[in-house]
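Working notes, beginning with the structure itself.
All residue numbers refer to positions in the sequence shown, counting from 1.
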Amino acid sequence: MQPQEKSVSTSPATCSDQAAVEQVFEWIAKGHTEADIVEAVHAQSAGRRQETVRARDVARRRAATATTKDVSIPPCADPVRRADLEQDDAAWLRYYCHELFTYDFTAQQVEMHHAIDHAITYGGDQAIAASRGEGKTKLFERETMKKTLQGVIGFALLLAATGSKAEDSLASIKRELETNERLLADYPEVCFPIRALEHTPNRAHYQTVSGRRIDTGEPYIRHPSRFKWCGQEVYLPDVPGAPAAGGIIATRGLDAEVRGLNKRDRRVDLVGIDDPDTEETVRSEDQAHKLMDRIDRAIAGLGGQRSHVARVMLTTCQSRKSVSFIYTDRKQKPSWQGKRFRFLVKKPDREDLWAEYLSLWRTGFEQTPPDEFARKAHQFYLDHREEMDAGAEVSNPNRHDARHLEDGSQFELSALQHYYNVVARLGQEAADCELDNNPPEETGPQESGITAYRIQRQLSGFRRKIVPPGTIALTQGIDCHKRLLYFVVRAWRADATAYTIDYGGAEVFAGGPRDDDGLDEAIKNALADRRDMVDADPYTREDGEIVPLDQTLIDAGYRTEAIYDYCRAAGLGFRPAMGFGKSAGCASPNFRAPVRSSPDKRVGDRWFLARQPKGVWLVCHHADHWKAWEHDRWMSRPPKPGSMTLWGQPSNHPDQLSDDEKAHFNYAKHLTAEVEVEEVVKGIAKRYFEAKSDTNHYCDASVLADVAASIVGVRLMGQPRPAAPTPEWSEEETPADDQAESSQSEEHPVPLPPPTSLGRWETL
């Protein structure tokens, strides 16, 4: 049946809006019954009521959430106290961190604190080495926290040898801000938002704050605090008017990437480097230099365009190779203003009594039952304390264990006793390192001290290929390899003062590999080309006078027969040579020169000539001796007799290299590829060469030029002239072949026949 129009109400009381009324008329037009239409209208009304209840619940929950996430920050409990203490760092630390700093700062701690404060306030670098356990790290952490709360530091970066150690420092600062009641009272703008997190760091993302600004007193309502309280860095609450608003404290390990670190458009203001050394950097110079490179390059570049980052290093010196020792040494790193503090400032007068104390301490643990707490030694100290304390001075008299044991005695009575207990437990060397920052001199191998930089700085002022006045000989050394011939040319004075006037590399296959030439022929051709080059462009004095080469020695360790053939054809101005010794590239590990000359052997100064088949004479030299001799020349400062220089103009600036000095870098690195070291083994000093690199070809060529100078009569001033030849000779005392060894006893060099002209010897 058709629904009656009068039975359907279209008033607003039945349908809440015009859309509902139109829906009813649509149902009527479609022929729905009255009962169906009434049921549908009731269903719609119930749905609307349910939606209204749900909306009210959502609004109620949102209001509750808004109330919960908003933190009402109270005013500072005592602004005057806060302002006064901020003017005195030591007083601030003693008041707000009273549970950590329980006694007045010592004079040494005050000096440490002033150094840290100066670096933070004015920028720059500061390296501080203090005793292990002296509290230097805690002092720096709390000072960093104070400066951040004041707004002096906007971004602080804490670095340690590893990331986990660095995170420990951040955790310590966070714990202080979360739990310190005195900080909560006077720095509520930071501590209240942090405490409101209730150990739920995610709440920081939607937290708001309300209160009054510290700077102007104006109110602020539900301002997003926008801070972070987890991970490798924390951002302090962004409270309007707060000095520390948005301050950042981050941590990293020294092995992590820090170059260009930037957070929220802030550059790092302060870097704290805590105990940078590891077991590797303490023992290995290479590892120490890698770490220093990071500190000097990546970390130094963290500051902004207008300000340099302040860097503070807090450490303890464990060895003289360590990064800590180098950075606290004002000679090696003057800009770091290094400070080293000792625990035992002055030794006691009666060290003999302390030696007896140590003996009692150690023997007490050997008895049965052991004297567990060294009470016999302790009683000895009680009986002689006045004498044992006399003359001693310690940096911190508070550093000792004052606990009482079961027998009623005090574990330690003084800081001086504590020091000697450390010596008893760990040894004097450990106490020197951990407490006094005075590690002992290294007992391992000691290098000669030669460096590439030193060689680069020794320039003569003469142009390349110019033979300086006063020189009497010109020698050349050539080291042969498959691709290049490395040559070095030197001019010599009679007292062995030398000028390196030329060096370089001549290609073995100058025009590329030639199918019709084997390697032996290619080397001989390259040597001939080198000789022709010198003839075409000779070495001259400043007035243009040509100076010929007096002697050239060619390394015959590679392609020996080819070198022999070339020298045999070239004449006495060219000789093959081989080195004997324990350094790299030697033909044999031992050099044993004959004690007398013979028709087949001629003895010189740590070299001798040995006749080879077909009339060629091989120069056998003591490679270890002549490499050391070479380095000694560079360690002698010009114009001392026996000093060595390179061509070119030196720099007038003590800290900058000239273009000529920079150009000699590769040559200098070759010369320092091997360095002489000295090591004491069972009380005997042993010297040997240690390879730093296998790229030492210019060094080998330089040594050959030195030996060539000795052959033509150059001697160091003060060295004795060669002795007269010994007429007798026994063939059994010297091997017949060129590789053999003879006695290592001290040689008695004899002169060769006199030259017809300098460097042009008569046929032997």
- Within a strict 4.5 Å, meaning less than it, do heavy atoms of the R633 and L716 side chains meet? yes

Worksheet item: Does a donor on one side chain and an acceptor on the other come within less than 3.5 Å for Y539 and D502?
Response: yes

Which of T315, V282, T281 passes side chain to side chain contact (heavy atoms under 4.5 Å, CB included) with S324? Answer is T315

Under a 4.5 Å cut-off applied to non-hydrogen side-chain atoms, are D555 and I478 in contact?
-> no

With the threshold set at 4.0 Å, does a side-chain nitrogen-carboxylate oxygen contact exist between E674 and K582? no

Determine whether the aromatic ring centres of residues H622 and F580 are separated by less than 6.0 angstrom. no

Flag the pair Y503 / H664 as yes when their ring centroid distance falls below 6.0 Å, and as no otherwise.
yes

Worksheet item: Parallel, tilted or perpendicular for H697 and H481, by the 30°/60° rule?
Response: tilted

Would you call the rings of H670 and Y698 parallel, tilted or perpendicular if under 30° counts as parallel and over 60° as perpendicular? tilted

So, R340 versus T328: side-chain donor-acceptor pair below 3.5 Å or not?
-> yes

- prompt: Do the charged groups of E661 and R457 touch, with an N to O distance under 4.0 Å?
  reply: yes

Worksheet entry | Side-chain donor-acceptor pair present, R530, Q476, cut-off under 3.5 Å | yes

Determine, for K290 against D293, whether the closest basic-nitrogen to carboxylate-oxygen distance falls under 4.0 angstrom. no

task = Measure from the side-chain N and O atoms of N525 to the backbone N and O of E521, and report whether any donor-acceptor pair falls under 3.5 Å.
result = yes

Strictly below 4.0 Å, N to O, side chains only: are D537 and K465 in salt-bridge contact? yes

*asked:* Between W626 and E630, is there a side-chain donor-acceptor contact under 3.5 Å, judged purely by atom types and distance?
replied: no

**Report entry** Donor on one side chain, acceptor on other, D660 and S658, under 3.5 Å
**Finding:** no

* Asked: Does the side chain of T500 pick up a donor-acceptor pair with the side chain of R490 at under 3.5 Å?
  -> yes

field: L609 and W607, any side-chain heavy atoms less than 4.5 Å apart
entry: yes

Practice prompt. Step through it carefully: locate the ring centre of W336, locate the ring centre of Y327, and say whether they are under 6.0 Å apart.
Written response: yes

NZ or CZ of R606 within 45° of F591 ring axis and under 6.0 Å: no

